[in-house]
Amino acid sequence: MQNNRKESKSNIVLFVLLSSFLMLNTFVVFPYFERYVSGYFAVVLGLDIIVFSLLANAAYYNSRTRINTWNIAVSYFSFLLIINYILALGLHFIDNERFMDLIIYLLGTGRLFFVLGCIPLQYARRLSIVFKGYLQMTISAFILMVVQLVVLIIFIKFKVNISNVIFLINALTATILLVFVLNRILTEEKNESRMMTLGFALMFLGQVYLTLSRMSTENIIQGHFFQIIGIGYYYFSLNRSNLIIPEQEHLVLQNQFNLYAKNLKKIIDKKTLQVREINDKLIDDLEYAKKIQQSLLPKTKVNYRDVTFLSEYFPCERLSGDFFDLYRLDDDHIALYLMDVSGHGISAALMTMFSSNYLKSNDQNLMRYRGYKPDLNLKHFYDQFNLMNFPDEMHMVLLYATLDLNTKVLTYCSGGLNCNPIRFRKNGKVEYLDKSKGFPICKLSDYYTPEFVSEKIILEKGDRVLFYTDGLIDSEKNGVFDLESLVEFYRENADFSLREINERLLAKINPVKDELNDDITYIFMEV
């Protein structure tokens, strides 16, 4: 609505301006300043050149920003018109009366060139090769100028009446303008298109005036005023399209973007708060689960008569897939197990809870019966595991051992643990407890029945046994030890007490405990 009001005001201003110029010329300039009409004519041609130069620039800018072949044609043919008008202005200054027919011819062909650039867009596209670059446009302009000159020479040579030629040129120009204006009126609806159509309608009226009136300086001036104001109005519509409308569109888009950004920020802040609350709750739950899991672990140092156990536990996440336990079977027997469940986090931690329940029975008789025989305990555990509906990829490795406190006989069986316990004898000899036979705890009972066989060793006073998971010797994941460096570390510290050795071992692990990629668990036993 606001744009329509602005357009109506501009149309009124245009009408008033054109009427004022025509009346000023008719009743003031021509009657009282007849001596200066020739100079006035030169001024009008100069205004023509200025207006078409502005139009050519605006049309070319519009073609660059909006990729419009139509405006490339307008700019190009405006350039040809300007050349003709400059030639006509030059002849006017040389000898206005002598070259009057030639001046009118140049002005007429200039307008004809221009309206050829204002035919419907589908025809302009056929000329698109002309607009591909400055060189092509320059060459084609030169060719048209040469053709125009050759046609003039032919007319002169065959003594063709130049007035008739000028009439035909003006009539053809008026006809093309009429077709163009009617086509625009019937097809275009946008405000800027209406303004452009009105500008060309004024040029059409001026062209009709030039075609039907007597050729004189006064009439040429009057006809050109139609053209100047019409083209000026078209220039205004192009600038409105180039500057005002894009600015309005920019403001609308900016407001929409600001509104979107404001709403988006609210949405993001709300979602971020929700995610933070959920994350905080998840962390709290994990911390609570961590406390529950670690509460099931034995104390770091435990003594059973003359046997000492020292254990350490370093999860790489809040919840670990490593788990171990120490407990009495009866007054004379101690049982321990050490397991490593596949993966980390919640699923692995839940599996350790399940495993602890089946390895350590609540029934004292069953606990002693299976505890005395590690192979029987692991076989029972394997069978129970396969009865559960666990994912097929879930598995674990472990070692189960029993120590007789009286005879110091250690009975052990491996369930696929890839880290054999190490026996450090008091005389300095190192032995690996790798004689037992077993198989990882996994869901293969439908395809394979493993055999578990226990092995026994007699420990001597001063012997130390290290039980551990692979995180302790995985130098690539955790960067602490490999197997050789672990054995060498013990040999270098063998003369120290078990507590001192553990402290030195912790000094190696603590600097990297927050960067672990695998859980570390170990149990030192000293007889």
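These figures come from a predicted structure and were not determined experimentally. Values below: every heavy atom of this structure, side chains too, minus hydrogens, waters and symmetry copies.
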Novice: Could you verify whether a donor N or O on one side chain and an acceptor N or O on the other, from Thr26 and Gln222, lie under 3.5 Å apart?
Specialist: yes
Novice: Which pair of heavy atoms, one from Leu506 and one from Tyr522, lies closest together, and at what distance?
Specialist: CD2-OH, 3.7 Å
Novice: Write down the atom of Ala42, the atom of Phe93, and the distance for their closest heavy-atom approach.
Specialist: CB-CZ, 3.9 Å
Novice: Within this structure, what is the OG1-CD1 distance for the pair Thr109 and Ile104, rounded to the nearest 0.5 Å?
Specialist: 12.0 Å
Novice: Please verify the inter-ring angle class for Phe155 with Tyr105; under 30° counts as parallel, over 60° as perpendicular, anything in between as tilted.
Specialist: perpendicular
Novice: Taking C-beta and beyond as the side chain, do Met339 and Phe324 meet within less than 4.5 Å on heavy atoms?
Specialist: no
Novice: Look at the side chain of Asn279 and the backbone N and O of Val275, then say whether any donor-acceptor pair between them is shorter than 3.5 Å.
Specialist: no
Novice: Which atom pair, heavy atoms only, marks the closest approach of Lys513 to Phe314?
Specialist: CB-CD2, 4.1 Å
Novice: Take atom CD of Glu476 as the centre, draw a 6.0 Å sphere, and report whether it contains more than 12 heavy atoms from other residues, nucleotides or ligands.
Specialist: no
Novice: Angle class for the His224/Phe41 ring planes (parallel below 30°, perpendicular above 60°, tilted otherwise)?
Specialist: perpendicular
Novice: At what distance, to the nearest 0.5 angstrom, does CD1 of Ile228 lie from CD1 of Ile221?
Specialist: 9.5 Å
Novice: Is the shortest heavy-atom distance from the side chain of Leu89 to the side chain of Asp48 under 4.5 Å?
Specialist: no
Novice: Looking only at heavy atoms, what is the nearest atom pair of Ser78 and Ala56, with distance?
Specialist: CB-CB, 3.8 Å
Novice: With rounding to the nearest 0.5 angstrom, report the CG to CD distance, Leu297 to Glu312.
Specialist: 11.0 Å
Novice: Measuring from atom CZ of Phe390 to atom CE of Met351, what distance do you get when rounded to the nearest 0.5 angstrom?
Specialist: 4.0 Å
Novice: Given the rule in the side-chain contact (heavy atoms from CB on, under 4.5 Å) test, do Val208 and Leu177 qualify, once you have shown the distances and angles that lead to the verdict?
Specialist: CA-CA 10 Å; Val208 171; Leu177 278 170; over 6 Å; no
Novice: Asn478 side chain to Val480 main-chain N or O, any donor-acceptor pair under 3.5 Å?
Specialist: no
Novice: With a 3.5 Å cut-off and no angle check, do the side chains of Asn84 and Gln148 form a donor-acceptor pair?
Specialist: yes
Novice: For Phe114, run the ring-ring contact (aromatic ring centres under 6.0 Å, His included) check against Phe52, Tyr85, Phe77 and tell me which one passes.
Specialist: Phe52
Novice: Under 3.5 Å, is there a donor-acceptor pair between the side chain of Asp482 and the main chain of Asp474?
Specialist: no
Novice: Nearest 0.5 Å, please: how far is CZ in Phe226 from CG in Leu210?
Specialist: 9.5 Å
Novice: Could you grab the distance from atom CG of Asp280 to atom CZ of Arg276, nearest 0.5 Å is fine?
Specialist: 7.5 Å
Novice: Before you tell me yes or no, could you show the steps for Arg111 and Gln227 under side-chain contact (heavy atoms from CB on, under 4.5 Å), namely the whole-Å CA-CA distance, both residues' side-chain angles and the distance that decides it to 0.1 Å?
Specialist: CA-CA 10 Å; Arg111 289 191 299 273; Gln227 176 178 277; 2.9 Å; yes
Novice: So, do Phe180 and Phe204 have ring centers that fall under 6.0 Å from each other?
Specialist: no
Novice: The criterion is salt bridge (charged side-chain N to carboxylate O under 4.0 Å, His left out); which residues satisfy it with Asp269, sequence neighbours excluded?
Specialist: Lys265
Novice: Under the 3.5 angstrom rule, does the side chain of Asp322 hit a backbone N or O of Asp340 as a donor-acceptor pair?
Specialist: no
Novice: For the residue pair Met394 and Phe385, establish whether any side-chain heavy-atom pair is separated by less than 4.5 Å.
Specialist: yes
Novice: Within the side chain of Asp519, is there an N or O that forms a donor-acceptor pair under 3.5 Å with the backbone of Cys316?
Specialist: yes
Novice: Between Thr469 and Thr521, is there a donor-acceptor pair closer than 3.5 Å when you use the side chain of the first and the backbone of the second?
Specialist: yes
Novice: Inspect the surroundings of CZ in Phe158 and state if more than 12 heavy atoms from other residues, nucleotides or ligands are less than 6.0 Å away.
Specialist: no
Novice: Is the shortest heavy-atom distance from the side chain of Leu102 to the side chain of Leu152 under 4.5 Å?
Specialist: yes
Novice: Can you tell me if NZ on Lys443 sees more than 12 non-hydrogen neighbours from other groups inside 6.0 Å?
Specialist: yes
Novice: Could you check whether any side-chain heavy atom of Glu484 comes within less than 4.5 Å of a side-chain heavy atom of Phe489, counting everything from C-beta outward?
Specialist: no
Novice: Step by step, work out the side-chain contact (heavy atoms from CB on, under 4.5 Å) result for Ile473 and Cys419.
Specialist: CA-CA 9 Å; Ile473 58 171; Cys419 303; 4.2 Å; yes
Novice: Do Ser53 side-chain atoms and Ile49 backbone N/O form a donor-acceptor pair below 3.5 Å?
Specialist: yes
Novice: Tell me the closest heavy-atom pair linking Cys442 and His395, and the distance in Å.
Specialist: CB-CB, 3.8 Å
Novice: Indicate yes or no: at least one non-hydrogen side-chain atom of Ile162 is less than 4.5 angstrom from one of Ile166.
Specialist: yes
